[in-house]
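Throughout, a chain's letter reflects where its sequence line sits, starting with A, and its residues are numbered from 1.
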Number of protein chains: 2
Amino acid sequence: MTSPSESVVRAWTRLERAHRAALATVENRLKKEGLPPLAWYDVLLELERGGAPGLRPFELQKAMLFAQYNLSRLIDRLETQGYVARTASADDGRGQMLAITAKGRAMRKKIWPVYAAAIEAAVGAHLSPSEARTLADLLAKLYAPRS
Amino acid sequence: MTSPSESVVRAWTRLERAHRAALATVENRLKKEGLPPLAWYDVLLELERGGAPGLRPFELQKAMLFAQYNLSRLIDRLETQGYVARTASADDGRGQMLAITAKGRAMRKKIWPVYAAAIEAAVGAHLSPSEARTLADLLAKLYAPRS
DNA sequence: TCCATTTATATGCAATTGCATCTAGTGTGT
DNA sequence: ACACACTAGATGCAATTGCATATAAATGGA
């Protein structure tokens, strides 16, 4: 139980502030354009990348570090809107397989330009290319599967 | 509207993931000890640092990048618990002055060891001292008052 | 095979958040 | 002093989150 150094505490505090600031920028822009919240995009992208058979909810959960009950309901909403299709898993009776629909793909594509501009405004505009790389590398260490 | 580079997008994505992971660690530990959520600590600390006359809600809001309505209600809860005292602002009829109470100070002190250990686990354990400094510096750029 | 444990996902209910808007002061220009 | 735009803060209501727990199927033994 070593106590954190001053710079670790500062890093944590700034992680919170930076995240809050950037997230607010992104969510506000999406909303202003009448688009769904960020999490929808993230799930759709993950599913699109996941490829053919689809992904299990628990895989999404691990990849995106979402709380299980939040993901469950997020999928409900995505399904209601017709962006995602749930089918029973062939090999696991408890589970399901998630697939992005054509409508879901279209929505993801539609969101991207707005999201991209927001990311640039919230993050890119503040960093040089090399700073962005360094930041990405350091942040990855905070949730690396294993240290 | 330049599009963000690949590394900027990665930095943003990882900012989200890292924040989610670290926050979950911190909040879980606080909860496990029966302590109030993180935001309470942050407000109490800010008020304690703010010193004698106290702070106006809008000052807190700017410092912590909180949404106005969230802060308003967070203060309600803190006041209900007796951790914070609201008094009418002398020089601005619309406003109020917030002060931390003795009980609030005591709670802040009580939270700190748990919070500190959580920060170390969530952040410090993953970074060298120099990495922590670099990370803190880079994150600060993302919400700098002016670029 | 049977039982206990664990894993995958859902859900009722309370607390919090977000949105939109409201009220009440402030400040400025005339 | 008046009209108007702006700032500080609160709040009703709907949506989301968090918590605790439920259900059902898989898994690992004995």
d(CG, Asn28(B); P, dT17(D)) in whole Å:
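It works out to 16 Å between those atoms.
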Worksheet item: Within this structure, what is the CG-to-P distance between Leu74(B) and dT17(D), rounded to whole angstrom?
Response: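 Rounded to whole Å, this separation is 19 Å.
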Check residues 61-77 of chain A and write down every donor-acceptor pair under 3.5 Å in which the side-chain atom is one partner and the other belongs to a residue at least two apart or another chain.
unit_1, atom_1, unit_2, atom_2, d
Asp76(A), OD1, Arg86(A), NH1, 2.7
Asp76(A), OD1, Arg86(A), NH2, 3.0

Exercise. Can you find a heavy atom in the side chain of Thr25(A) that is under 4.5 Å from one in the side chain of Arg29(A)?
Worked result: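 Yes. Closest side-chain heavy atoms under 4.5 Å.
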Original post:
Less than 4.5 Å apart, any side-chain heavy atom of Leu135(B) and any of Leu135(A)?
Top reply: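 They are in contact (side-chain heavy atoms under 4.5 Å apart), so the answer is yes.
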Could you go through nucleotides 3-5 of chain C and list every protein N or O atom that sits under 3.5 Å from one of its N or O atoms, giving the distance for each pair?
none

Protein heavy-atom contacts under 4.0 Å, written 5' to 3' over nucleotides 5-16 of chain D as B (base), S (sugar-phosphate only) or - (none), form the string --BSBBBBB--S
**Prompt:** Does the Lys110(A) side chain pair with the main chain of Leu35(A), one donor and one acceptor, at a distance under 3.5 Å?
**Reply:**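 Answer holds: no.
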Going by atom type alone, with no hydrogens or angles, which donor-acceptor pairs under 3.5 Å involve a side-chain atom of residues 40-56 of chain B and a protein atom two or more places apart or on another chain?
unit_1, atom_1, unit_2, atom_2, d
Tyr41(B), OH, Arg108(B), NH1, 2.7
Glu48(B), OE1, Arg108(B), NE, 2.5
Arg56(B), NE, Gln96(B), O, 3.1
Arg56(B), NH2, Asp92(B), OD2, 3.3

(request) Apply side chain to side chain contact (heavy atoms under 4.5 Å, CB included) to Ser7(A) and list each qualifying residue two or more places apart in sequence or on a separate chain. (result)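 Testing Ser7(A) for side chain to side chain contact (heavy atoms under 4.5 Å, CB included), a comparison that skips the adjacent residues, returns Ser5(A), Arg10(A), Ala132(B), Arg133(B).
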Check: Nearest 0.5 Å, what's the CG-CZ distance between Leu142(A) and Arg17(B)?
Finding: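 It is 13.5 Å, given to the nearest 0.5 Å.
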Please list, chain by chain and in numerical order, all residues satisfying salt bridge (Lys or Arg N to Asp or Glu O under 4.0 Å) with Glu33(A), sequence neighbours excluded.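 Result, salt bridge (Lys or Arg N to Asp or Glu O under 4.0 Å) vs Glu33(A): none returned.
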